[in-house]
Amino acid sequence: MFNFLSVNTTAVVYNVFFGCVYGCIAAILVLAWIFGRRARRNVKKESVTRLAEGFSPLDVKRIFIGKTFPRRLTRALVAYWAHRGYITVEYQTKYTVKLTKINPMPAHFDEKAVFFDRGTYVRERELFDKVFSGKRKGMTKKSVTIDLRRPMFTKNEVTYVNKHYAVREDEGVYSAMHYTLKIITLILSVVPFALCAAWCGIDSGNFASIVLVFMAIIGMTVLKFVRGMPIIFKLIWCGMWLGASVGVMFAFFKTVYDPYGIIYASALILFAGPLFFIRFVDYREKNNLSDYSDLVNYRKFLAFGSPEELSELDYSEVLPFLYAFNIKPFVHNKYNRTPPDWYIGDPDGRGALL
């Protein structure tokens, strides 16, 4: 291959690419700093030891991430429904339990219905009814045996329920500006890598490096947006497309003029931007930040409250939220884990649920 730039021109053109690469990185850091501070500034600093009545694990997921992921909610919803008096839970094996329906979930206009958000509650009631629909093998209208490590309903069932409402799950949680900022951050994370590919082609004459950009985009798209793929296959896929493209780019840059290490900076932001910094680019409406604040402060209480305070709580009431916040394995020893009335048949009172 050949370098068709003179020595002086090479330095000048490289400085342009250097400025663009680090300019993109600086823009990501500025966005994360500005909107991260905005989110922190609007989160109320107060003690929250109890959530609003009717707040369910689905509300937690709706406000935090704006979407229902069935696999992450099995234990949380089982404990929540049991505490509400809709089901009993009978121990079968270490990871399986039998759910017996003892009461229907009330319709939203029923005086017995207690909910935090009507849209979430109506979705939850339909999902509850699907679990006991009796339309699939192993299910009856009164009871069903489930594996606590697996979702109680399929992704298609969740999608079907959500599509039958005019209001999305994340309605009122995220604005159009929120999604715009996320997309801008993703683009800014990939642009430095694309600039490196362009500079590699200009300096060495080997424009095959441009193909690596498309490989990286394919890998990043799967990593960020394909939710249904099992994690092991996702890691393999991203290793093939994203990891391989970065590795080959490093190999190309061994003979490329790069005194300031733009290849290292671009590779770092390619991973750190979409996986880390994008979390700080959070543009929620202020009315939702109130609910978000309550969740943040309640999670802090459940995770860092003193053992004396936490041991006095009704474990049945807080258990669904320990699962919804993904903190139960780290804090459960702080609680008085007396088996509730709705949990029966477990020889040691623990099983995979409590």
Side-chain angles (χ1 to χ4, degrees), residues 48-64 68-70 72-92 96-134 139-146 148 151-153 157-158 161 169 291 294-295 298-299 301-302 310 312-328 332 335-346 349-354:
V48 175
T49 59
R50 189 186 181 104
L51 290 177
E53 183 67 15
F55 215 120
S56 87
L58 283 182
D59 290 304
V60 173
K61 296 301 183 184
R62 181 182 69 88
I63 293 173
F64 267 120
T68 299
F69 293 118
R72 304 180 186 179
L73 284 168
T74 298
R75 287 183 171 92
L77 287 178
V78 166
Y80 183 75
W81 293 342
H83 176 70
R84 285 285 171 187
Y86 305 140
I87 61 174
T88 59
V89 183
E90 183 178 353
Y91 174 89
Q92 300 290 298
T96 60
V97 292
K98 180 181 179 181
L99 310 183
T100 301
K101 180 179 176 182
I102 56 176
N103 287 305
M105 190 175 288
H108 70 269
F109 52 81
D110 192 305
E111 61 180 13
K112 295 181 180 180
V114 180
F115 48 81
F116 173 77
D117 181 271
R118 176 168 295 181
T120 305
Y121 183 85
V122 175
R123 287 179 173 89
E124 184 174 354
R125 192 181 74 245
E126 291 207 19
L127 292 173
F128 177 84
D129 290 341
K130 283 185 178 296
V131 173
F132 296 96
S133 65
M139 291 191 176
T140 67
K141 292 185 178 180
K142 279 293 184 181
S143 65
V144 54
T145 298
I146 66 165
L148 292 170
M152 289 186 289
F153 19 77
E157 287 174 329
V158 175
V161 169
E169 276 187 283
D291 302 331
D294 288 340
L295 284 177
Y298 186 57
R299 180 176 60 178
F301 169 68
L302 294 180
L310 299 178
E312 294 178 359
L313 297 178
D314 180 355
Y315 187 62
S316 175
E317 182 179 347
V318 301
L319 181 61
F321 299 100
L322 296 180
Y323 280 122
F325 290 131
N326 294 321
I327 60 174
K328 181 186 177 287
H332 64 272
Y335 295 86
N336 179 15
R337 294 186 293 159
T338 302
D341 294 339
W342 48 259
Y343 191 62
I344 56 180
D346 190 341
R350 291 291 181 266
L353 186 62
L354 301 187

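Of the listed residues (F109, F55, Y80, Y121), just one forms a ring-ring contact (aromatic ring centres under 6.0 Å, His included) with F115, and that residue is Y121.
Partners of T100 by side chain to side chain contact (heavy atoms under 4.5 Å, CB included), not counting sequence neighbours, listed by chain and number: T88, K98, S143. The side chain to side chain contact (heavy atoms under 4.5 Å, CB included) check on D117 picks up D59, R62, T120, with sequence neighbours excluded. For F128, the ring pair (Phe, Tyr, Trp, His ring centres under 6.0 Å) criterion is met by W81, Y86, F132, not counting sequence neighbours.
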message: Set out, in order, the CA-CA distance, both residues' side-chain angles and the distance that settles side-chain contact (heavy atoms from CB on, under 4.5 Å) for V60 and R299, then state yes or no.
response: CA-CA 10 Å; V60 173; R299 180 176 60 178; over 6 Å; no
- request: Take Q92 and T145, measure what side-chain hydrogen bond (donor to acceptor under 3.5 Å, both in side chains) needs, and give me the verdict at the end.
  value: CA-CA 8 Å; Q92 300 290 298; T145 298; 4.7 Å; no
task: Decide yes or no on side-chain contact (heavy atoms from CB on, under 4.5 Å) for F301 and V48, but give the supporting numbers first.
output: CA-CA 7 Å; F301 169 68; V48 175; over 6 Å; no
field: Candidate pair Y298 and V318, rule side-chain contact (heavy atoms from CB on, under 4.5 Å), full reasoning
entry: CA-CA 10 Å; Y298 186 57; V318 301; 3.6 Å; yes
task: Please lay out, stage by stage, how R337 and L354 fare under the test side-chain contact (heavy atoms from CB on, under 4.5 Å).
output: CA-CA 7 Å; R337 294 186 293 159; L354 301 187; 5.5 Å; no
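Of the possible polar contacts, none joining the Y335 side chain to the L319 backbone as a donor-acceptor pair under 3.5 Å is found. At distances below 3.5 Å, at least one donor-acceptor pair connects side-chain atoms of Y323 with backbone N or O atoms of L353.
In this pair, F64 and F325 present their aromatic rings perpendicular. The plane angle is above 60°, beyond the 30 to 60° band.
Considering every non-hydrogen atom in both P106 and R125, the closest pair reads O-CD, 3.3 Å. Of all heavy-atom pairs between L310 and L302, the closest is CD1-O, 3.7 Å. Contact between P151 and T74 at its shortest, heavy atoms only, is CA-OG1, 3.3 Å. Closest non-hydrogen pair, A324 versus K61, comes out as O-NZ, 3.0 Å. L58 and L127 make their closest contact through CD1-CD1, 4.3 Å (heavy atoms, listed as atom of the first residue, atom of the second, distance). Heavy-atom minimum distance, S316 versus W342: OG-NE1, 2.9 Å.
The closest side-chain heavy-atom distance from M152 to V144 is not below 4.5 Å. With contacts defined as side-chain heavy-atom distances shorter than 4.5 Å, the pair V89/I344 does not qualify.
The local environment of CG in D341 is sparse, with at most 12 non-hydrogen atoms from other residues, nucleotides or ligands closer than 6.0 Å.
With rounding to the nearest 0.5 Å, the separation of CD1 in I102 from CD1 in I87 is 8.0 Å. Here R84 contributes atom CZ and M105 contributes atom CE; the two are 9.0 Å apart, rounded to the nearest 0.5 Å.
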